[in-house]
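Here is the structure we will look at.
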Amino acid sequence: MKQLHHLLLYVVFVVSCSNHNQFISNSGTIVKNAMVSSAHPLASATGLGIMKNGGNAIDAAIATHFALTVVYPQAGNIGGGGFAVIRMNDGTINSLDFREKAPALAHRDMYLSAEGQLNDLQSTHGHMASGVPGSVDGMFTLHQKYGTLPMSELIDPSIEMARRGYVLTPLAAELLNTKQEEFQTYNRWSTPYHSDQNWQAGDTITQPDLAQTLEHIQSNGRDGFYEGIVADQIVAEIKSGNGLISLADLKNYQSVWRKPITGNYRGHQIISMAPPSSGGIALIQLLRGTEGYPIADWGHNSFKTIHLMAELERRVYADRATYLGDPDFIDVPIDKLLDSVYNQKRYIDISFDKATPSVLVSSGKISPSESPETTHISVVDANGNAVAITTTLNSSFGNKVMVKGAGFFLNNEMDDFSSKPGSPNQFGLIGGEANAIAPHKRMLSSMTPTIVTYKDKLKMVVGTPGGSTIITSVYQTLLNVIDHAMGMQEAVNAKRVHHQWYPDEIRVETDALNENVQNDLEKLGHRLRITDKIGRMDCILVLPDGRLEGGADPRGDNTAIGY
Ligand code: GLY
């Protein structure tokens with residue numbers, strides 16, 4: 001444990017001295033044995049410390065997850081949920097759904113007025129926006145099946161960081177300063193994240209309430225969160241703002257093991273998340289549509305490559321809106337959506353002479369977003385076990401409500417349902433009946449934790465936040481490595497674009513496309529919208545010689561470290 005303290009202190013020093021955006025390198029950290037990539041250097045260091053102490057990839061991912069709750073509160077969480085995709089070194093694969101659920105008292109029209117008007121503030125802000133959190137159950141369920149070190153050792157570093165405090169990076173201070181008004185509006189008390197003056201890089205935040213909550217979890221297991229004092233605190237908080245989560249909702253929450261979605265792309269096997277995430281299905285549909293075209297010859301972010309991606313994306317997101325939802329409630333036609341003949345037919349009307357207006361695109365004939373403030377963890381251990389976990393509060397700091405006395409933010413995941421089928425959610429995503437609200441149902445997600453193998457050997461562990469852009473960010477990162485021959489960091493640094501059917505536009509990161517490409521796309525009928533940042537990837541690539549290259553996104557404080 002002493003070693004871990006030294007490592008954390010070193011990382012604090014490095015972070016306070018570095019300015020990420022000044023030194024963007026195309027070469028990632030390269031190590032021989034094991035690696036963690038996550039949204040925060042202290043969280044990555046925590047996971048690495050666990051592996052150095054003998055833990056495996058799953059132990060490290062769990063410890064990293066709890067650490068993100070402390071040092072990356074905009075998305076790291078115990079008040080949210082997520083998905084994990086696992087590949088052990090014997091080739092077995094698995095995935096865990098610890099997505100939030102609608103409370104028992106939720107109902108289809110809960111965000112509609114008597115006149116049928118959507119009150120989207122209620123599904124995004126404040127107590128009514130929260131689904132029943134799944135993260136703590138998820139971590140214990142993962143640990144029970146795959147963990148090797150005692151759970152208490154995996155939570156210890158986070159308790160310590162919450163108690164001693166952590167140092168704000170420039171990006172973290174800047175983000176907190178934009179949220180002060182919302183924190184004040186939605187909280188009855190002064191949380192550790194309130195400040196009358198602007199937060200500065202280098203300021204330290206201590207979280208004694210959160211430390212105590214983590215200790216309850218450490219002492220009592222999952223029941224330390226879903227029953228007893230913490231559950232009482234959650235329900236008291238929820239009731240104070242007319243939310244719906246009850247003690248019974250908490251007690252009854254259960255994660256679900258799901259069969260991963262798998263498919264092939266140019267000789268690679270893709271292993272990703274099944275519904276209630278749309279990520280795996282949409283990713284495989286996009287790759288199936290891409291496989292027939294020589295995009296390596298066309299070039300990265302060239303006119304033809306971008307046109308093809310946008311045309312595929314608008315069709316795949318139309319399918320997502322119609323067919324995808326919680327498989328425990330609706331019959332999701334997984335096999336049909338992944339069928340190669342279906343996908344061939346689906347894309348047959350793509351023309352290279354003109355863009356297809358989205359209004360002419362509906363779902364294919366066979367029998368919904370998320371916020372930039374989700375977060376992802378990729379881990380590979382020295383034995384080649386790999387795990388990809390994407391987890392979220394939905395929006396940045398979720399519903400902005402910190403549970404009084406317990407010190408953590410609650411999610412606003414209810415907005416990922418189609419509150420009014422046909423109306424867009426906060427990400428502009430349109431959803432249908434398949435994703436309508438129902439008691440105990442899980443809301444559709446875009447999270448796409450993904451593992452790639454080649455010739456039966458681990459090749460990549462990939463994932464990102466970014467709401468509706470998660471799927472297309474993962475898609476582009478795979479294409480960057482597989483088609484455009486980029487290394488991991490280069491593939492992550494590369495500028496991204498995104499289309500999601502509606503709104504009918506290609507979102508383009510600043511400087512992603514040169515002027516000629518932009519003009520050519522506009523001539524075909526595409527509308528372009530320049531945007532700041534898309535995604536914050538955390539990835540690991542196994543190099544041909546077996547070493548690991550990290551791809552930590554320079555768009556955030558993301559950090560890949562290993563040994
Ligand atoms: N909350 C975003 C998603 O799950 O897609």
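Indexing begins at 1, ligand by ligand and atom by atom, following the structure's order.
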Would you indicate whether the side-chain heavy atoms of Arg87 and Pro260 approach each other to under 4.5 Å? no
Atoms in ligand 1 flagged as close to Arg99, the criterion being non-hydrogen separation under 4.0 Å: 1 (N), 3 (C), 4 (O)
Apply side-chain contact (heavy atoms from CB on, under 4.5 Å) to Glu100 and list each qualifying residue two or more places apart in sequence or on a separate chain. Asn411, Glu413, Met443
Find all atoms of ligand 1 within a distance of less than 4.0 Å from any non-hydrogen atom belonging to Asn394, and give their numbers and elements. 1 (N), 2 (C)
For ligand 1, which atoms, with element, lie under 4.0 Å from some heavy atom of Ser446? 3 (C), 4 (O), 5 (O)
Pair Glu313, Thr472: side-chain N/O donor-acceptor within cut-off below 3.5 Å: no
Asp249 and His440 side chains, donor-acceptor separation under 3.5 Å: no
Hydrogens and angles aside, do Ser38 and Ser44 bring a side-chain donor and acceptor to less than 3.5 Å of each other? yes
Output yes when the distance from some N or O of ligand 1 to some N or O of Thr374 is under 3.5 Å, and no in every other case. no
Using a strict 4.0 Å cut-off to heavy atoms of Met447, name the atoms of ligand 1 that fall inside it. 4 (O), 5 (O)
Determine whether the side chain, the backbone, both or neither of Met443 has a heavy atom under 4.0 Å from any heavy atom of ligand 1. neither
Show the atoms of ligand 1 that are less than 4.0 angstrom away from any heavy atom in Ser445. 3 (C), 4 (O), 5 (O)
Please name all residues satisfying side-chain contact (heavy atoms from CB on, under 4.5 Å) with Leu247, sequence neighbours left out, ordered by chain then number. Ala231, Asp232, Val235
